[in-house]
Asks: 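One structure, pasted below without further comment.
Chain A is the first sequence line, chain B the second, and so forth, proteins listed ahead of strands; every chain is numbered from 1.
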Amino acid sequence: MTLKVYNTLGRKKEEFKTLHSGKVSMYVCGPTVYSKAHIGHAMSALVFDIIRRYLEYRGYEVRHVMNFTDVDDKIILRAKKMGVDPFALGEGYIHEFEQHLKDFKILPATVNPRATHEMPEIIEMIQGLVDKGYAYQVDGDVYFRVEKDAHYGKLSGRKLDDMQAGARVDVDERKENPMDFALWKAAKPGEPAWESPWGSGRPGWHIECSAMNLAYLGEQIDIHGGGNDLIFPHHENEIAQTESFTGKPFARYWIHNGMLQLMGEKMSKSIGNLVTIEEFLSLHSPDVLRMLVLNSGYRNPLSYSESILDQVESGLERLRGGMKCQLPGAKGASEQCLKDLAAGIERVKTGFVEAMDDDFNTAGALGGLFDFVKVINQARAEGATDAELKSARATLCELTSVLGLTLEKEKTGSAQLDGVVDLLIEIRRDLRANKLWVLSDKIRDRLAAMGILLEDSKEGTSWRWQ
RNA sequence: GGCGACGUGGCCAAGUGGCUAAGGCAAGGGUCUGCAAAACCCUGAUCAUGGGUUCAAAUCCCAUCGUCGCCUCCA
């Protein structure tokens, strides 16, 4: 079976072939750190975390780079407004974001470079572009000459002529072409600045990613990812810069996730309709957002609302239910039942790979997992023992962890607490035997309030953490 | 105005030329149960609309309506 990936460059699914056998180099655009991150950023990070986990499951060694843009106009503006140092401002948001990544169980990237730490590389690259005639200097600014790049527009499917016709940007008369974009911006007094051959200034937005790619992954990479709002101009410009500089094709696969939609509109800092990651985590467990992401195709817009979150949370609970222990008094399942269970294991494994191989079809993969949970539940209901359920549970656990989900709740109790709960269950059993429903229900309700769920069955009572 | 994506049962959402259109949530009926919870069994869509191509279309083409994204900072 082969993995197929939808490539924005070409707008179709392609067979996934890496530059170096068994290895994947992947660069994902991280946030610009000028304010608190919102769940749209989390979505993007989750999408690429899932992709990475699956690639590793398929046996690839993944070198994963995610940057932080820690110097740009917005950061400077905001820092000025707040009267704080722009670097300190960015630093704070970076720390916060890194904590969020941990909360969401997003595997740490191999490297997290920052624009401000890569100045020599950035300047060197700009100089190279100037030397080759792809860039020119005006009053301390340096611009990329788009007309010099015959392929400009190939990623976003735009033509220079069309864009010029519809351009709404204020035309900067100093530019040769209105679409020329800044590689280097001259600094105004009081702004963060670095010395360069063109005077003191700071890098433009796009060049940092090109420089960091070059520094940490090389001239050519396998996957370049980010939100689909970055296709133009950011990624288009990255391609232009890097390919003009190296003379080689840059990224083999361009992967873009869809936007998270709140009330039918893109969640974004500028519109202001956002839910910060902090707010989300105060209300929900991290896996709920991951589940929401998994439930649909990564390229589609993702509908977000509290009621949809409730829905996926219930679904997550169902998956977790597959991990439950045998029923009290389980005597072993029938031969046929165990056969079905074994067949279910094979089916879910092949189905999972089949779905994920098709451009990371996580929704399809989840469907198979839900089917599998049903098979497990059927076996349990028929009396399968823990020993008989063991390999099925291991399979469920393995596959869900490829998606980054954690099904088993961390134990919050202790052996002593377990003993106390067992004692209460025993007392309750006696109460029930004497039809003292008020007292027995009180025990159940009070335990439930503490997060301990009792489940009665004919054979006895079992319990679990909620 | 230009470019692109999308419109599948109440909700979320797979499937993109061919067996009975996955799965989850919600709803209804049933089994179990003192009640509850969990679990199991059963029940619903012909795929925005109108044309067309084809032996065959949700899946390809055209038109219409609607939604969204990008074209300016944006995951």
Asks: Using the 3.5 Å cut-off, write out each protein N or O paired with an N or O of nucleotides 3-9 of chain B and the distance between them.
Replies:
none

Asks: Please give the nucleotide sitting opposite B:U46 as a Watson-Crick or G-U wobble pair, both distances under 3.5 Å, or none.
Replies: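 Matched B:U46 with nothing under the 3.5 Å cut-off.
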
Asks: Using atom P in both nucleotides, what's the gap between B:U72 and B:C12 to the nearest angstrom?
Replies: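 It comes out at 32 Å once rounded to the nearest Å.
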
Asks: What's the gap between B:G10 and B:C47 when it is taken at their P atoms, as a whole Å value?
Replies: 13 Å

Asks: Taking CZ from A:R320 and C1' from B:A37, how many angstroms apart are they, rounded to a whole number?
Replies: 17 Å

Asks: Donor-acceptor check, side chain of A:D358 to backbone of A:E354, threshold 3.5 angstrom: yes or no?
Replies: no

Asks: What interatomic distance, in whole Å, is found between P of B:G28 and the corresponding atom of B:A36?
Replies: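 It comes out at 14 Å once rounded to the nearest Å.
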
Asks: Mind calculating the distance between CD (A:E317) and P (B:A38) to the nearest angstrom?
Replies: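 In whole Å, B:A38 P lies 10 Å from A:E317 CD.
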
Asks: Of the nucleotides B:G34, B:A39, B:A75, which has the atom closest to the A:R428 side chain?
Replies: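 Taking heavy atoms from C-beta onward, the closest nucleotide is B:G34.
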
Asks: How many angstroms lie between atom OH of A:Y27 and atom CG of A:L217, to the nearest 0.5 angstrom?
Replies: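 A:Y27 OH to A:L217 CG: 8.5 Å, rounded to 0.5 Å.
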
Asks: Please tabulate, one pair per line, each protein N/O and nucleotide N/O from nucleotides 43-46 of chain B that are separated by under 3.5 Å, including the distance.
Replies:
none

Asks: Before giving the answer on side-chain contact (heavy atoms from CB on, under 4.5 Å), spell out for A:H100 and A:L281 the whole-Å C-alpha distance, their side-chain angles and the decisive distance to 0.1 Å.
Replies: CA-CA 9 Å; A:H100 291 329; A:L281 288 174; 4.1 Å; yes

Asks: Could you tell me whether the side chains of A:H95 and A:Q99 share a donor-acceptor contact shorter than 3.5 Å?
Replies: no

Asks: For a quick check, with a 4.0 angstrom heavy-atom cut-off, what is the B/S/- contact string for nucleotides 24-33 of chain B, read 5' to 3'?
Replies: BS-------S

Asks: Return the value, rounded to whole Å, for the distance between atom CD1 of A:I277 and atom P of B:A75.
Replies: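 So the CD1-P distance, A:I277 to B:A75, works out to 11 Å.
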
Asks: Please enumerate all residues that pass side chain to side chain donor-acceptor pair (under 3.5 Å) together with A:N237, with sequence neighbours excluded.
Replies: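 A:N237: side chain to side chain donor-acceptor pair (under 3.5 Å) contacts with A:Y152, A:H206.
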
Asks: Please check this pair: side chain of A:Q326 against backbone of A:T385, looking for a donor-acceptor N/O pair closer than 3.5 Å.
Replies: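 Here the side-chain-to-backbone pair does not exist.
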
Asks: Between A:D359 and A:K12, does any side-chain N to carboxylate O distance fall below 4.0 Å?
Replies: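 A:K12 and A:D359: not salt-bridged.
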
Asks: Take atom P in B:C60 and the same atom in B:U8, then report the distance between them in whole Å.
Replies: 15 Å

Asks: According to the Watson-Crick and G-U wobble definitions, with both distances under 3.5 Å, which nucleotide is paired to B:G66?
Replies: B:C6

Asks: I need the NZ-P distance between A:K74 and B:C73, as an integer number of Å.
Replies: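 Taking atom P of B:C73 as the reference, NZ of A:K74 is at 9 Å.
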
Asks: Using the P atom on both, measure B:A22 against B:U46 and round to a whole Å.
Replies: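 After rounding to an integer number of Å, I get 13 Å for this pair.
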
Asks: In terms of side-chain heavy atoms, does A:E208 have a donor or acceptor partner in A:N67 at a distance below 3.5 Å?
Replies: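 Looking only at side-chain atoms, A:N67 and A:E208 do form a donor-acceptor pair, the distance falling under 3.5 Å.
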
Asks: Among residues 354-365 of chain A, which residues get a heavy atom nearer than 4.0 Å to RNA chain B?
Replies: A:N361, A:A363, A:G364

Asks: So, does A:D49 use its side chain to make a donor-acceptor pair with the main chain of A:L107 at under 3.5 Å?
Replies: yes

Asks: What pairs with A:K154 under side-chain contact (heavy atoms from CB on, under 4.5 Å), at least two apart in sequence or on another chain?
Replies: A:L9, A:H151, A:E236, A:I239, A:E243

Asks: Let's see if you can work this out: which of B:A75, B:A39, B:A38 has an atom nearest to the side-chain heavy atoms of A:N377?
Replies: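 Looking only at side-chain atoms, A:N377 lies closest to B:A39.
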
Asks: May I ask you to check whether A:H256 and A:H235 place their ring centers less than 6.0 Å from one another?
Replies: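 Between A:H256 and A:H235, the centre distance is under 6.0 Å.
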
Asks: Would you kindly say whether A:Y216 and A:R63 are connected by a side-chain donor-acceptor distance under 3.5 Å?
Replies: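 Checked: A:Y216/A:R63 side chains show no N/O donor-acceptor pair below 3.5 Å.
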
Asks: Tell me the partner of B:C55, counting only Watson-Crick (N1-N3 plus N6-O4 or O6-N4) or G-U wobble (N1-O2 and O6-N3) with both under 3.5 Å; none if nothing fits.
Replies: B:G18

Asks: Would you say A:S303 places a side-chain N or O within less than 4.0 Å of OP1 or OP2 belonging to B:A13?
Replies: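 Indeed, a polar side-chain atom of A:S303 lies that close.
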
Asks: Mind calculating the distance between NZ (A:K36) and P (B:A75) to the nearest angstrom?
Replies: 16 Å

Asks: Tell me whether the count of non-hydrogen atoms from other residues, nucleotides or ligands lying under 6.0 Å of CD in A:E306 goes above 12.
Replies: yes

Asks: May I ask you to say what A:E455 touches in the nucleic acid, namely base, sugar-phosphate or nothing, with a heavy-atom cut-off under 4.0 Å?
Replies: base

Asks: Could you verify whether a donor N or O on one side chain and an acceptor N or O on the other, from A:T32 and A:K74, lie under 3.5 Å apart?
Replies: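 No - no donor-acceptor pair under 3.5 Å links their side chains.
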
Asks: On RNA chain B, check which nucleotide each of A:D441 and A:M259 is closest to and give me the residue with the more 5' one.
Replies: A:D441

Asks: When all nucleic acid strands are considered with a 4.0 Å heavy-atom cut-off, which category describes A:L260: base, sugar-phosphate, or nothing?
Replies: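 Base, at least one base atom sits under 4.0 Å.
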
Asks: In this structure, how many angstroms lie between the P atom of B:A39 and the CG atom of A:L453, rounded?
Replies: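 Spelled out: CG on A:L453 to P on B:A39 is 11 Å.
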
Asks: Around atom CZ of A:R446, are there more than 12 heavy atoms of other residues, nucleotides or ligands at under 6.0 Å?
Replies: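 12 or below, so no.
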
Asks: How many whole angstroms separate atom NZ of A:K185 from atom P of B:U72?
Replies: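 After rounding, the reported distance stands at 14 Å.
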
Asks: Any strand is fair game: report the nucleotide pairing with B:A39 by Watson-Crick or G-U wobble, both distances under 3.5 Å, or none.
Replies: B:U31

Asks: Look through every strand shown and name the nucleotide pairing with B:A75 as Watson-Crick or G-U wobble, where both distances are under 3.5 Å.
Replies: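 Matched B:A75 with nothing under the 3.5 Å cut-off.
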
Asks: Map A:L292 and A:G40 onto RNA chain B by nearest heavy atom, then report which one ends up closer to the 5' terminus.
Replies: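 Final value for this comparison: A:L292.
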
Asks: For A:K105, does the NZ atom sit with more than 12 other heavy atoms under 6.0 Å from it, leaving out its own atoms?
Replies: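 Above 12, so yes.
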
Asks: With rounding to whole Å, what would you report as the distance between B:G17 and B:A56 at their C1' atoms?
Replies: 8 Å

